[in-house]
Structures are given as structure tokens and as C-alpha cells.
Asks: 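The structure is given below, and queries will be raised subsequently.
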2 protein chains.
Amino acid sequence: MVGSSKQLAFRYLTYLNMLSRLDRQGVSVISSHNLASICNVGASQLRKDMMLIPGASGKQSVGYSVKVLLSSIQQMLHRDQNDRVVLVGVGSFGAALIKYRGFEAHGFEIVAAFDLQPSVIENSDIPVYSMESLESFLQEHKIKFAILAVPESAAKNVADQLIRFGVTRLLNLTPALLTVPDSVKVSDVNLVYEMEFLRRQL
Amino acid sequence: MVGSSKQLAFRYLTYLNMLSRLDRQGVSVISSHNLASICNVGASQLRKDMMLIPGASGKQSVGYSVKVLLSSIQQMLHRDQNDRVVLVGVGSFGAALIKYRGFEAHGFEIVAAFDLQPSVIENSDIPVYSMESLESFLQEHKIKFAILAVPESAAKNVADQLIRFGVTRLLNLTPALLTVPDSVKVSDVNLVYEMEFLRRQL
DNA sequence: TATTGTGAAATCGTTCACAGCA
DNA sequence: TGCTGTGAACGATTTCACAATA
């Protein structure tokens, strides 16, 4: 990947979202200044970002073609991929994620959930299995992505299991700090930290 | 606030968590190297971070006092504060947040939730009011913090309302990109972006 | 000797300013 | 003239290396 910082990656995702909206609205050309202001970034930063993308370029005195930008960013981000994801921990958070349909449009399919107690989530066809079947399921389906939504106290153990069974991408929704091998990538989402950060802004 | 970058702020919160755990375990002194490895950061970075905290200092050839560090970080972060928070949008996500007890220990009290339809969440004494009562509630209780968990399509409008009614800190759980006055601080949490970011790590 | 505190160096990311082009 | 592409300046952050010291 061309740029590997999280901020840059998130900017590309924002560009992508805004560009596809513009495309749907029939906008075919846009200047760096306009697109930047829609995306809440500076115009020169946007141009620098675009320069890193193979195939993305604009026309001087005209602007960027929305469709060209869209497809070159999509290509760079491998937006064609489709990944199967398991969810571990079906508390209120986990159950909310099962009902959340936002992942599918981005090529992430939650194929199963796991909890101490198998159960059934209403309005959902995603099965909830017991933890005993975790190993066989992960290995049989060669799952690489997992969302960790267990209680904090269980987080480390469950994460270790997941990794042992072949998971290499972990979205960690628990406050626990995970230590993982270099081959495994973790994204931590900690709502309490976000709130604390808001608290001391200015 | 001494350091205002998000990364730095999150490191301080991590230090705080780990230090309070160490304190509970009866550890009284720890070296930068040890604490750093617990917190997944470099030792010299940790020392630099500590240097920015008024009152925090260690002893050469000995290490840092856990209690001293703990209280100076707490003081710097104003950890004594207590803030009332409203939640807007009681879909599956919002309902999960209402049941989530993690905020309280950090001085955030969810005092009310709002949705198009007032309702009752089981196992919770947090009331869910209709959107009509938003304005009077926010102004009467002088609420500064809100968690935005409405559908994306409603996000901008609701955010504008919240700001108009006095909210200045917004945890945005929707994928919408909000544009707000400088006096208002927004933290965006976008689980889809986090997943996409994991996808292209190496 | 073990460890902090810290200046200097290296790295990384952003913004500026403007040349060059349609 | 309006816009992109980009080198250079700037700023922020991280790492290094080591002097100081309990």
C-alpha cells in the first residue's frame, strides 16, 4: 500500500465516499479546492494525496474527473475484495453489530458469531455458535477477520485463541490492550478514550 | 492541555489504565522500559511523555513511582470531572450503548436518550424521550456532550440541532462527515473505516 | 550499575508558494 | 485565468545516543 498511515488511509476512504456520492449526483469534474472542502481537508493536501495514487490525475485549469479518481482510488484500495468476518462476543454490543448492515456494502460479510452460550438473534440469519466450535469453524472457512466484542476480562485469551486459529486481522472493541505477533494487525476502538479526548479539547 | 494530539492523549489514557492496574497489584515502582513494554510503546517515548507532565518524575537507577505517576497524570487530565451525556438515536447501536456501563467509571453519565419514538429499554433506567423534548432537556440540564447514533441520513440535521441547543462535544458514530463550528469538537468513530484499514495492512 | 532526563538527529506529515500548463 | 503538480519550507513526532546521577 502506497500510504500506510491511518490518517491518510481514512482520508482516502473519505474521498471515496464523497466521490461516489458526487458521481451519483451526476457531477463529472471537480477541483481540488471543492473536493477538499467537502472532505474537510486542505486543497494542497488533497492534491498531494492524489499524486500518490497511480493513475489519478487532473487537468490543469479544469479539475479532476470524478470517475477517474473514483476508479483509481478503488483500485489502489483493492475495493473489489470480499472478506468473511466472525464476531466473537454477543453481548449487547455484539448483538448490535450483528444487526448492523453497514459492513456488507464494503465487502465484509459477518458469517458467524460466537459466544459462551449459543443463541439466536432475532431478525438475523447469522448463527451464534458456542466457543467450542470456534477452532473448527475458523480453520474450515479460513477466516482472517474477527471482531472482538467480549468482556474486557476475556479479551486477551480470546484474542490469543483467534490468532492461534488463523485470524490475522482483529477489530478490538474491548478496552484491553492486546499484544500480538507482527503478522497480526489490530485496530482498537475505545469509545471511552474518545470521550475522554473530547473532554480535554480546549 | 499539555499535548493536544490524539495519539499522545490516547497514550496518556493507556498509561493511566496500566498504572492503576499496577497500583492495584501492589507494584510501587516501575522502570520506563517495563511500563513502556506493558503499554506497547517505546521506552524513550514514554520518558518524553512523562517529561511533559507537571510533577511527574522518576529516580535514576530506580524508576518511576507508580502512585506519583498515577496522580500526576490524573491531575493533568482533570480526571475528577463528571459530565452528563445524552445519546441520540436508539437503534440497535444506541440501545447497546445504553446497556454499556463502561462510561460511568470514567465520569460520563448518560442521563437521557432521544429517538423519534420514545420507548423503554429493558434493564435500564435511562429514559428514552422523543426528539421533541430534545431542546428543552439540553438547555435545562446544560448538556455539553452527545453521542450521535442515528441513521446516517439524519446525522447532519440532528448534529446541527444538538449544536444549536448547546452541545459542544460530539461523539459521532455515524459514517456522516459533520461540519461544525470551531467551538464544537467532534470525534468520529467509523467501524467500517477501521475494517477497511485492517484490510490493507501489509 | 541501572535508569532517568534530554539535546540532537531522524522521520513523518502538512502547508506554502509558485512554475507550468490548458 | 484557473487549476494541477511539486519542490521547498515548515512543523510535529519519534527515535537515538549519551551525559548525569541515585
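Side-chain atoms are counted along with the backbone in the values below, which use heavy atoms only and exclude waters and symmetry mates. Sequence lines set the chain letters: A, B, ... in the order given, protein chains first and strands last, and positions in each chain run from 1.
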Asks: Measuring to OP1 and OP2 of D:dT15, would you say a side-chain N or O of B:Ser44 lies under 4.0 angstrom away?
Replies: no
Asks: Whole angstroms only, please: what is the NZ-P distance between A:Lys48 and C:dT14?
Replies: 11 Å
Asks: In whole angstrom, what separates B:Gln45's CD from C:dA10's P?
Replies: 19 Å
Asks: What is the separation between atom CZ on A:Phe10 and atom C1' on C:dT14, rounded to the nearest whole Å?
Replies: 19 Å
Asks: For B:Tyr64 and B:Ser61, take the nucleotide of DNA chain C holding the closest heavy atom to each; which residue's nucleotide lies nearer the 5' end?
Replies: B:Ser61
Asks: If only side-chain N and O atoms of A:Ser5 are considered, is one of them under 4.0 Å from the OP1 or OP2 phosphate oxygen of C:dG13?
Replies: yes
Asks: Please check this pair: side chain of B:Arg11 against backbone of B:Val41, looking for a donor-acceptor N/O pair closer than 3.5 Å.
Replies: no
Asks: Can you say whether a donor on the side chain of A:Gln60 sits under 3.5 Å from an acceptor on the base of D:dT4, or the other way round?
Replies: yes
Asks: Distance check needed: D:dT13 P versus B:Tyr12 OH, whole Å only.
Replies: 11 Å
Asks: Side chain of B:Arg47 only, heavy atoms from C-beta on: which candidate in D:dA17, D:dC3, D:dT6 is closest?
Replies: D:dA17
Asks: Quick one: do the B:Ser130 and B:Glu132 side chains pair a donor with an acceptor below 3.5 Å?
Replies: yes
Asks: Side chain of B:Ser31, heavy atoms from C-beta onward: which of D:dT14, D:dG5, C:dT4 has the nearest atom to it?
Replies: C:dT4
Asks: For B:Tyr64, enumerate each residue passing the side chain to side chain donor-acceptor pair (under 3.5 Å) test, keeping only those at least two apart in sequence or located in another chain.
Replies: none
Asks: Please tell me which of the listed nucleotides, C:dG20, D:dT14, C:dT3, lies nearest to the side chain of B:Gln7?
Replies: D:dT14
Asks: Hey, is A:Arg169 close enough to B:Glu194 for a salt bridge, meaning N to O under 4.0 Å?
Replies: no
Asks: Classify the nucleic acid contact of A:Gly42 as base, sugar-phosphate or nothing, counting any heavy atom under 4.0 Å across all strands shown.
Replies: nothing
